[in-house]
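Just so you know, ligand 1 is whichever comes first in the structure, and atom 1 is the first atom listed for that ligand. Quick note: residue numbers are just sequence positions, from 1. Bear in mind the structure is a predicted one, so any value in this text is a computation, not a measurement.
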Amino acid sequence: MIITADYHTHTNYSHGKGTPEENVLAAIEKGLRRIAISEHAGAHLFYGVRGGRLLRLRREVDALAKRYANEIEVLFGLECNLIAAGRCDAPRPGADIPQGADLAPFDVLLLGYHKGVWPADRVTRGAFAESFGIGHADPVKVAQALLETAAQYRIHMLSHPCEYVQADIPTLARGAAELGILLEINASHVSMSCAQLREAAACGASFVIGSDAHTPDRVGDFAKAIRAAEEAGVTQRIVNASCGLETP
Ligand SMILES: [Zn+2]
Ligand SMILES: [Zn+2]
């Protein structure tokens, strides 16, 4: 199975090690057709890219898209953080970014739960506790919170579902299928078990494989995710695979 696009890569704008251009060059080297620079959004206390810095990244990614247009499609993405049910940190013009700055539209929006984000309601407080091993969140409510938020902010994919906090798979997978949102099989940390991947596929979910690279050499490194998808028998439901839902 060949993966044709990497929609999930980080850079030295957050806690990654390479520049956006180094990620793009690595993607070209690996023969990818598309790469997204998808940094952590602003609510992440340690790694969030916000304000003028996010704007600078936008300009840099736009310049790279032009410079390498003949070799690869370069997209501007953002990995947003679940803050509460129905709330994430996808930037709103005038609120999170300098007034008048035209940041939108993002090409790719990811949404995930991360523990470096201050929880703002019961469900994310539960998730916070679960991520530190000191409590549990209701997995159905976690799934509903992700879906409600994803719908409101027009999110394209859920990054590493069930990492840090469990989400009820039938609820998440059916809802994602209904909304047309992809579930990521994350190659850095495969977050769904074989049984969960199978169940999600049976409930109609479609998947996207992402590297979640934090260094340029890991861009386009999908080995762990491919293995998990093959083991679970869900390769036909992967949108960025040569044998999957999207023609390469
Ligand atoms: Zn993440
Ligand atoms: Zn990430």
Participant: Rounded to 10°, how big is the angle at the Zn ion (ligand 2) from H8 NE2 to H10 NE2?
Facilitator: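 Between NE2 of H8 and NE2 of H10, at the Zn ion (ligand 2), the angle is about 100°.
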
Participant: Can you give the donor-acceptor pairs under 3.5 Å from side chains of residues 69-82 to other protein atoms, not counting sequence neighbours?
Facilitator:
| from | atom 1 | to | atom 2 | distance (Å) |
| --- | --- | --- | --- | --- |
| E73 | OE1 | R34 | NE | 2.9 |
| E79 | OE1 | H8 | NE2 | 3.1 |
| E79 | OE1 | H10 | NE2 | 3.0 |
| E79 | OE2 | H114 | NE2 | 3.1 |
| E79 | OE2 | S159 | OG | 2.9 |
| E79 | OE2 | H160 | NE2 | 3.2 |
| N81 | OD1 | H114 | ND1 | 2.8 |
| N81 | ND2 | A41 | O | 3.3 |
| N81 | ND2 | D89 | OD2 | 2.7 |

Participant: Answer yes when K66 and D62 have at least one side-chain N-carboxylate O distance shorter than 4.0 Å, and no when they do not.
Facilitator: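 No, no charged N to carboxylate O under 4.0 Å.
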
Participant: Measuring from the Zn ion (ligand 1), name the closest N, O or S atom belonging to E79.
Facilitator: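 Within E79, restricted to N, O or S, the Zn ion (ligand 1) is closest to atom OE2.
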
Participant: Restricting to N, O or S atoms, which atom of D212 is closest to the Zn ion (ligand 2)?
Facilitator: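 Atom name returned: OD1.
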
Participant: Please work out the angle at the Zn ion (ligand 1) defined by atom NE2 of H114 on one side and atom NE2 of H160 on the other, rounded to 10°.
Facilitator: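 So the angle at the metal works out to 100°.
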
Participant: Measure the CD1-CZ distance between I238 and F222 for me, rounded to the nearest 0.5 Å.
Facilitator: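 I238 atom CD1 to F222 atom CZ measures 10.5 Å (nearest 0.5 Å).
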
Participant: Evaluate Y68 against E21 for side chain to side chain donor-acceptor pair (under 3.5 Å), listing each step before the verdict.
Facilitator: CA-CA 10 Å; Y68 294 103; E21 184 162 26; 2.4 Å; yes

